[in-house]
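If you're wondering where the values come from, they're calculated on a predicted model, not measured in any experiment. Computed from heavy atoms alone, side chains included, the values below leave out hydrogens, waters and symmetry copies. Note that the numbering runs from 1 along the sequence shown for the chain.
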Amino acid sequence: MGIRNQWPWFAILARTGRERTATMLLENAGYECYLPVSKFVRRWSDRMKEVEVPLFPGYLFCRMNQHNRLPVLMTPGVIQIVGVGKTPIPVEEQEIAAIQHVGKSGLPTMPWPYLEVGNVVRIEEGPLDGLTGIVLKIKSGLKLVLSVSLLQRSVAVEIDRRWISSTVGAGGRSPADVQLDGANGIPLHSMQFDAARSLPSEPVERQ
């Protein structure tokens with residue numbers, strides 16, 4: 001394994017609509033990058049077309065040496081490296097691994113309002129076997145919410161209740177019986193999310 005593949009993951013703020021180009025340029029320069037995307041079918045007047053959009057609009061992830069960040073910052077389309085002040089802050093390795101796992105599963109995934117607390121469960125069956133996240137019960141069924149805490153951004157993926165372990169989530173109830181969002185106490189059957197709506201503002205300064 002090359003030394004670049006041992007560097008931590010960092011979140012890169014890119015110009016909106018340039019995430020894919022910036023990712024390609026960084027990969028061509030030898031960096032390991034990851035651009036999570038959500039796929040959906042868009043109807044045109046004469047055809048249906050599958051479209052990919054970033055799960056974290058304006059962001060991509062890159063393994064890099066924080067002490068030699070100028071090559072990354074000079075890449076066309078890149079604006080900043082997420083951090084505090086002038087110090088880049090790595091993204092948790094397990095958070096990236098979890099989102100990559102979801103991406104490989106092929107299950108429907110979408111951006112979701114950030115959740116910090118809630119009913120935590122472990123998936124022990126199906127394509128998401130081994131993942132741990134917050135479970136929400138909504139009209140269409142159950143969703144597993146995974147987050148990148150540094151960005152305060154989350155994604156949600158549809159799951160089958162049979163995949164959930166018998167572990168009791170926060171609040172001492174079985175996940176299948178959960179009716180409320182543990183973070184806000186909002187009845188989940190009334191929660192709606194517009195993918196085009198703005199997500200919460202960034203919590204950290206960027207260098």
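- A distance of 9.0 Å separates CG of Leu150 from CD of Glu92, quoted to the nearest 0.5 Å.
- Thr75 has its side chain out of reach of Tyr31: every pair of non-hydrogen atoms, C-beta onward, lies at least 4.5 Å apart.
- Applying the salt bridge (Lys or Arg N to Asp or Glu O under 4.0 Å) test to pairs two or more places apart or on separate chains, none has a residue in residues 95-107.
- Contact between Val37 and Arg20 at its shortest, heavy atoms only, is CG1-NH2, 4.0 Å.
- Applying the salt bridge (charged side-chain N to carboxylate O under 4.0 Å, His left out) rule to Glu158 yields the partners Lys143; only residues at least two apart in sequence or on another chain are considered.
- By the rule that hydrophobic residues join a cluster once side-chain heavy atoms approach within less than 4.5 Å of another member, Met24 and Leu60 end up as members of separate clusters.
- One distance of note links CD of Glu125 with CD1 of Ile164; it measures 10.5 Å at 0.5 Å rounding.
- Residues satisfying the side-chain contact (heavy atoms from CB on, under 4.5 Å) criterion with Thr109, sequence neighbours excluded, are Leu55, Val102, Val155, Val157.
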Result block: side-chain N/O donor-acceptor pairs under 3.5 angstrom for residues 9-16, not counting sequence neighbours:
none

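- Looking at Leu131 and Trp163, their side chains never come closer than 4.5 Å, going by heavy atoms from C-beta outward.
- Residue Ile159 holds its CD1 atom at 9.0 Å from CG of Leu136, rounded to the nearest 0.5 Å.
- Taking the side chain to side chain donor-acceptor pair (under 3.5 Å) definition, one finds that Asp160 meets it with Arg162, sequence neighbours left out.
- One distance of note links CG of Leu128 with CG of Leu107; it measures 5.0 Å at 0.5 Å rounding.
- In this structure the side chain of Ile99 never reaches within 4.5 angstrom of the side chain of Phe61, judged on heavy atoms.
- The two residues Arg18 and Gly77 have their closest heavy-atom pair at NH2-N, 4.1 Å.
- The backbone N or O of Gly58 lies less than 3.5 Å from a partner atom in the side chain of Glu19, making a donor-acceptor pair.
- Looking at residues two or more places apart in sequence or on another chain, you find a side chain to side chain donor-acceptor pair (under 3.5 Å) between Ser147 and Ser154.
- The other members of the hydrophobic cluster of Leu70, by chain and number, are Met74 (side-chain heavy atoms under 4.5 Å, ILVMFWY only).
- Of all non-hydrogen atoms in Pro88 and Lys86, the two that sit nearest each other are CD-O, 3.4 Å.
- Residues that satisfy the side-chain contact (heavy atoms from CB on, under 4.5 Å) test with Asn68, not counting sequence neighbours, are Asn65, Pro71.
- The shortest non-hydrogen separation linking Gln80 to Leu73 is CA-CD2, 4.1 Å.
- For Cys33 against Glu27, the heavy-atom pair with the smallest separation is O-OE2, 3.7 Å.
- Closest approach of Arg69 and Ile81 over heavy atoms only: CB-CD1, 3.5 Å.
- No option in Val145, Ile134, Leu144 other than Val145 meets the side-chain contact (heavy atoms from CB on, under 4.5 Å) test with Trp112.
- Listed by chain and residue number, Arg63 satisfy the salt bridge (charged side-chain N to carboxylate O under 4.0 Å, His left out) test with Glu93 (two or more places apart in sequence, or in another chain).
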